[in-house]
Peer 1: 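Dropping a structure here in structure tokens format, bear with me for questions.
Since the structure is predicted, the reported quantities are computational estimates derived from the model, not experimental observations. FYI, side chains are in, hydrogens and waters are out, and symmetry mates aren't considered; it's all heavy atoms of this structure. In each ligand, atom 1 is the first atom listed, and ligand 1 is the first ligand listed.
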Amino acid sequence: MGTPTFRTAVVRTPGGPDSIEIIDVPVVDPGPREVRVRIAAAPVNPVDLAVAGGFFHGMGLIGQPDRTGLGWDFAGAVVATGRGVDLAAGTRVAGLVAGFNRDFGTYAEQLVVPASDIAVVPSGLGLVAASTVPLNGLAAAQIADLLGDAPADANRLLVTGAAGAVGGYVASLARDRGWQVTGLARAEDEEFVRGLGAGFTTHAEPGWDAVADGAVLQEWGLALVRDGGAFVGVQPGAEPATERGITVAALVVHPDGPRLGGLLARTASGELPARVHEVVPLDRVADAHRAVAKGGVRGRYVLRP
Ligand SMILES: NC(=O)c1ccc[n+]([C@@H]2O[C@H](COP(=O)([O-])OP(=O)(O)OC[C@H]3O[C@@H](n4cnc5c(N)ncnc54)[C@H](OP(=O)(O)O)[C@@H]3O)[C@@H](O)[C@H]2O)c1
């Protein structure tokens, strides 16, 4: 019998959806404090389109000699554990792999990850819904950290792209830190944004104490911040230059299993939204990328490996 293998979607020469290939790669055993997961669901996120399109290769952030893995978050079931991990086979988990420069990703039948980067999915929460939480839930929680606690007399936060994955979570989570949130989104997204407990606008005037820029408005978003306020972007290395005494920060999301556990619990209880547009088989990954590239999709395409 040959070496066992599993299927995964990768790019060798990035060039958009048509450059995505599904290949077989050897199964790897988990090392100490690692877990091997059989992936049941892996969302398509905007960053995956940028990786497949070669954007990060062009920036010099990816230098894989053979292939680049696609996909950042996942949900599935534990199939094997390394030394020091106390999780039974079959335990339902979700997690995040971060960083651009890797030859593996979550668009795959299997994944080996550090146990500290995953969380158990609460009973009552499906794996498809759970898979949509790690990247953007943690991104929003970490944006809230960058914003910090709202000053009592300067707590007006504008969240751009509040109908998107990151923005929607920021609109919910920033309230925990005392921010009074208004979401900037398209007119048709008003009901969703108000349902998060946020104010709503389609056209923001300048003067906000802080802006969290889920819509990647960049300089235009910075211009909405009052003098001496705060701006948190989502494009590290490409954040707008500071002006008028504004504090500028950019998120670099990182895995955090314990915190993810809290976000999954809040999703299971219905406090945080879990939005799925469509579940598609891994073989249709290129179609899903093309659909997301058109814009206007609400909820994630989720791949089923
Ligand atoms: N740095 C990090 O660690 C990190 C982590 C996670 C995500 N990100 C990045 O964060 C960004 C957002 O991700 P996401 O998953 O939230 O994307 P998303 O779900 O597509 O959300 C973006 C939202 O912004 C809206 N939007 C864009 N321009 C707008 C405008 N002028 N006015 C109002 N709404 C506007 C979009 O609406 P339409 O669809 O109608 O255009 C969409 O609802 C992406 O660039 C992603 O790569 C970065």
Side-chain angles (χ1 to χ4, degrees), residues 42-53 55-56 59 61 70-73 96-101 106 131-147 158-174 182-193 195-196 198-205 211-224 231-240 248-256 259-260 263 272-278 288-289 291-302:
V44 174
N45 288 292
V47 65
D48 302 324
L49 276 65
V51 172
F55 179 76
F56 299 109
M59 284 176 76
L61 295 177
L70 294 170
W72 288 56
D73 45 4
L96 169 68
V97 293
F100 299 106
N101 194 18
T106 64
S131 75
T132 65
V133 177
L135 174 60
N136 299 303
L138 285 170
Q142 292 162 14
I143 286 173
D145 292 345
L146 291 169
L147 288 165
L158 180 73
V159 177
T160 74
V166 172
Y169 284 119
V170 175
S172 301
L173 299 178
T182 299
L184 172 72
R186 313 282 184 199
E188 57 271 28
D189 295 316
E190 177 165 2
E191 190 182 338
F192 172 77
V193 173
L196 300 170
F200 173 81
T201 182
T202 56
H203 178 79
E205 297 294 333
V211 169
D213 193 23
V216 200
L217 303 181
Q218 302 284 70
E219 283 73 13
W220 191 77
L222 187 80
L224 299 174
F231 174 92
V232 179
V234 292
Q235 307 267 287
E239 55 269 58
V248 174
L251 169 74
V252 181
V253 71
H254 54 270
D256 184 336
R259 199 166 198 187
L260 173 59
L263 293 165
L272 293 176
R275 290 178 297 158
V276 174
H277 178 77
E278 191 181 339
H289 271 227
V292 173
K294 285 186 188 147
V297 176
R298 297 294 178 265
R300 289 283 102 121
Y301 275 86
V302 175

Peer 1: Please list the nearest protein heavy atom to atom 19 (O) of ligand 1 with its residue and the distance rounded to 0.1 Å.
Peer 2: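 Ranking protein heavy atoms by distance from atom 19 (O) of ligand 1, first comes R300 NH2, 2.7 Å.
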Peer 1: Check each atom of ligand 1 against the heavy atoms of A215 and keep those under 4.0 Å away; list them by number with element.
Peer 2: 24 (O), 26 (N), 27 (C), 28 (N), 29 (C), 35 (C)
Peer 1: Going by the atom numbers of ligand 1, which of them fall below 4.0 Å from some non-hydrogen atom of N136?
Peer 2: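 By the 4.0 Å cutoff, the relevant atoms are 6 (C), 7 (C), 15 (O).
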Peer 1: Take every heavy atom of V292, measure it against each atom of ligand 1, and state whether any distance is under 4.0 Å.
Peer 2: no
Peer 1: Within ligand 1, which atoms have a heavy atom of A139 less than 4.0 Å away?
Peer 2: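 Contacts of ligand 1 toward A139, numbered from 1: 5 (C), 6 (C).
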Peer 1: In the structure I gave you, are the side-chain heavy atoms of N136 and R275 within less than 4.5 Å of one another anywhere?
Peer 2: no
Peer 1: When you measure from the side chain of Q142 to the backbone of A140, do you find a donor-acceptor pair of N or O atoms at a distance under 3.5 Å?
Peer 2: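 Pair absent, no side-chain N/O of Q142 close to backbone of A140.
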Peer 1: Salt-bridged, D145 to R259, with N to O below 4.0 Å?
Peer 2: yes
Peer 1: For atom 44 (C) of ligand 1, grab the closest protein heavy atom and report residue, atom and distance to one decimal in Å.
Peer 2: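 Of every protein heavy atom, P46 CB, 4.1 Å lies nearest to atom 44 (C) of ligand 1.
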Peer 1: Can you list the atoms of ligand 1 that are under 4.0 Å from a heavy atom of L217?
Peer 2: 31 (N)
Peer 1: What protein heavy atom is closest to atom 25 (C) of ligand 1, reported as residue, atom name and distance in Å?
Peer 2: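 The protein heavy atom lying closest is G161 CA, 3.9 Å.
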Peer 1: Only distances under 3.5 Å count here; give the side-chain donor-acceptor pairs of residues 214-221 to other protein atoms, sequence neighbours excluded, each with its distance to 0.1 Å.
Peer 2:
residue	atom	partner	partner atom	Å
Q218	NE2	A238	O	2.9

Peer 1: Is the closest N or O pair between L251 and ligand 1 shorter than 3.5 Å?
Peer 2: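 L251 vs ligand 1: N/O contact under 3.5 Å present.
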Peer 1: Short list, please: which atoms of ligand 1 are under 4.0 Å from a heavy atom of R298?
Peer 2: 37 (O), 38 (P), 39 (O), 40 (O), 43 (O)
Peer 1: Non-hydrogen atoms of Q235 versus ligand 1: any pair closer than 4.0 Å?
Peer 2: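 True for this residue.
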Peer 1: Heavy atoms, side chains only, cut-off 4.5 Å: are Y169 and L138 in contact?
Peer 2: no
Peer 1: Does N45 have a heavy atom less than 4.0 Å from any atom of ligand 1?
Peer 2: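 In this structure, N45 fails to qualify as a contact of ligand 1 - no heavy atom is under 4.0 Å.
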Peer 1: Does any part of the side chain of I143, heavy atoms only, come nearer than 4.5 Å to the side chain of V166, both counted from C-beta?
Peer 2: yes
Peer 1: Could you tell me, atom by atom, which parts of ligand 1 come under 4.0 Å of a heavy atom of G296?
Peer 2: 38 (P), 39 (O), 40 (O)
Peer 1: So, T201 side chain and L184 main chain: donor-acceptor pair closer than 3.5 Å or not?
Peer 2: no
Peer 1: Going by the order shown, which atoms of ligand 1 are within less than 4.0 Å of some heavy atom of V253?
Peer 2: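 Near V253, the atoms of ligand 1 are 3 (O).
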Peer 1: For L49 and V44, run side-chain contact (heavy atoms from CB on, under 4.5 Å): C-alpha distance rounded to whole Å, both residues' side-chain angles, the deciding distance at 0.1 Å, then the answer.
Peer 2: CA-CA 8 Å; L49 276 65; V44 174; 3.8 Å; yes
Peer 1: From the options V166, T202, L96, select the one whose nearest heavy atom is closest to atom 14 (P) of ligand 1.
Peer 2: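 The residue whose heavy atom sits nearest atom 14 (P) of ligand 1 is V166.
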Peer 1: For ligand 1, which atoms, with element, lie under 4.0 Å from some heavy atom of V252?
Peer 2: 3 (O)
Peer 1: With sequence neighbours excluded, what pairs up with N101 under the side chain to side chain donor-acceptor pair (under 3.5 Å) test?
Peer 2: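 Result, side chain to side chain donor-acceptor pair (under 3.5 Å) vs N101: Q64.
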Peer 1: To check your reading of the model: name the closest protein heavy atom to atom 12 (C) of ligand 1, its residue, and the distance in Å.
Peer 2: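 Checked against all protein heavy atoms, atom 12 (C) of ligand 1 sits closest to G214 O, 3.2 Å.
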Peer 1: In the structure I gave you, are the side-chain heavy atoms of L173 and L263 within less than 4.5 Å of one another anywhere?
Peer 2: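 Yes, their side chains come closer than 4.5 Å.
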Peer 1: Tell me which protein heavy atom sits closest to atom 21 (O) of ligand 1, plus the residue, atom name and distance to 0.1 Å.
Peer 2: G164 CA, 3.2 Å
Peer 1: Counting N and O atoms only, with roles assigned by atom type, does the side chain of S172 sit under 3.5 Å from a partner on the main chain of L196, one being a donor and the other an acceptor?
Peer 2: no
Peer 1: Drop me the distance from T132's OG1 to Y301's OH, to the nearest 0.5 angstrom.
Peer 2: 15.5 Å
Peer 1: Regarding ligand 1, does A165 bring an N or O atom to under 3.5 Å of one of the ligand's N or O atoms?
Peer 2: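 Yes.
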Peer 1: To which of E239, E188, R186, R275 does the heavy atom nearest atom 40 (O) of ligand 1 belong?
Peer 2: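 Going through E239, E188, R186, R275 one by one, R186 has the nearest heavy atom to atom 40 (O) of ligand 1.
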Peer 1: Does any N or O atom in V234 lie less than 3.5 angstrom from one in ligand 1, N or O only?
Peer 2: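 Yes, since at least one N or O of V234 sits under 3.5 Å from an N or O of ligand 1.
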